[in-house]
**Q** 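Have a look at this one.
The structure displayed is predicted, hence computed values, not measured ones.
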Amino acid sequence: MMIEIGIIGLLLVFILFAQGKIDGNKFIKDNEKLFKLLKEDDYDFLVAARYGDGVDANALFEKRVKDGLLILVLLVVIFIANLNFLSLVICFIISYLVFKNGYTKLKGYYKKHLHEIDMLLPYYLKSLEILIQHYTVPVALSKSIDQAPPIFKDGLKELIGSINAGDSTIDPYMAFAIRYPVRDSMRMMRLLYRLGLGNQERKQEQLIMFSRTISSLQSKSRDMKYKERLEKMERKTMVMLSTTGAGVMVILVIAILQMFTQV
């Protein structure tokens with residue numbers, strides 16, 4: 001009987017949502033301050049890193065809250081036949097995991113995103129160094145956009161836009177470094193800023209320092225690539241050895257069983 005009541009309650013919830021009798025958006029808006037306490041400190045930044053500035057981070061967060069609440073309601077209706085403290089805790093845990101899933105995916109993407117940036121940044125800076133030998137730093141940055149890896153293009157456009165708007169401080173360079181916070185990005189952008197300020201007499205000296213730093217980053221990037229390839233080969237070798245060992249053990253067990261059967 002309780003199961004039938006649960007099914008009826010589940011259908012009733014769906015009908016109320018479909019007819020707009022239960023307005024999830026209004027409920028979230030009315031309790032916005034409460035739900036904001038659940039928002040992660042770096043959520044807006046991760047959304048911007050994943051989707052760009054054109055996506056509303058608050059709208060995505062509200063969708064996460066709505067999904068979590070919907071799952072909570074559905075689970076409570078499903079467990080209504082045996083609803084107790086333990087089942088209620090389980091419902092809250094599952095709904096919280098659903099809510100947290102959106103953040104976990106963004107965090108995972110960002111880590112992978114940073115790794116890609118870490119690998120590509122030294123090679124982009126090397127191409128930029130060649131352009132700086134012939135042009136000023138702002139002009140070199142502008143000319144580098146077409147050949148830059150796609151992952152850097154939005155950040156470069158913002159950097160050039162700020163410089164062209166008259167911002168001659170280090171802030172546009174630091175904004176680029178913050179957007180791509182990988183190994184030595186802050187130091188490289190400071191060097192680039194100083195290179196843009198230097199007069200022609202000191203340009204060659206600063207360019208040599210810039211070039212040496214880039215070469216060091218490229219070397220680290222190559223070492224990281226070799227290490228990743230080695231680890232990948234080691235994993236494949238371990239899988240192959242484990243599979244082979246398991247296969248040999250199965251064959252030995254079958255052979256021993258056959259010997260005992262024949263005896």
**Q** Are Ile160 and Ile130 linked, directly or through other ILVMFWY residues, by side chains that come within less than 4.5 angstrom of each other?
**A** no
**Q** Could Lys100 and Tyr103 be counted as a cation-pi pair, given that NZ or CZ must be under 6.0 Å from the ring centre and within 45° of the axis?
**A** yes
**Q** Measure from the side-chain N and O atoms of Tyr173 to the backbone N and O of Met188, and report whether any donor-acceptor pair falls under 3.5 Å.
**A** no
**Q** Is Leu60 close to Leu106 at the side-chain level, that is, under 4.5 Å between some pair of heavy atoms?
**A** no
**Q** To the nearest 0.5 Å, tell me how far Glu40 CD sits from Thr104 OG1.
**A** 8.0 Å
**Q** Return yes when atom NZ of Lys153 has more than 12 non-hydrogen atoms of other residues, nucleotides or ligands closer than 6.0 Å, and no otherwise.
**A** yes
**Q** For Phe61 and Phe99, take the angle between the two ring planes, folded into 0 to 90°, and tell me which bin it lands in: parallel under 30, tilted 30 to 60, perpendicular over 60.
**A** perpendicular
**Q** Decide whether Ile145 and Leu125 are clustered together by the hydrophobic rule: side chain heavy atoms of Ile, Leu, Val, Met, Phe, Trp, Tyr closer than 4.5 Å, transitively.
**A** yes
**Q** Within a strict 4.5 Å, meaning less than it, do heavy atoms of the Asn101 and Arg64 side chains meet?
**A** no
**Q** Is Ile71 reachable from Leu86 through a run of hydrophobic residues whose side-chain heavy atoms are each under 4.5 Å from the next?
**A** yes
**Q** I want to check something: taking the side chain as every heavy atom from C-beta on, are Lys39 and Asn58 in contact at a cut-off of under 4.5 Å?
**A** yes
**Q** Not counting sequence neighbours, list each pair that qualifies as a ring-ring contact (aromatic ring centres under 6.0 Å, His included) and has a residue in residues 142-170.
**A** Tyr124-Phe152, Phe152-Tyr180
**Q** Are the side chains of Ile90 and Leu75 in touch, meaning some heavy atoms are under 4.5 Å apart?
**A** no
**Q** Mind checking whether Val137 and Ile163 have side chains closer than 4.5 Å, heavy atoms only?
**A** no
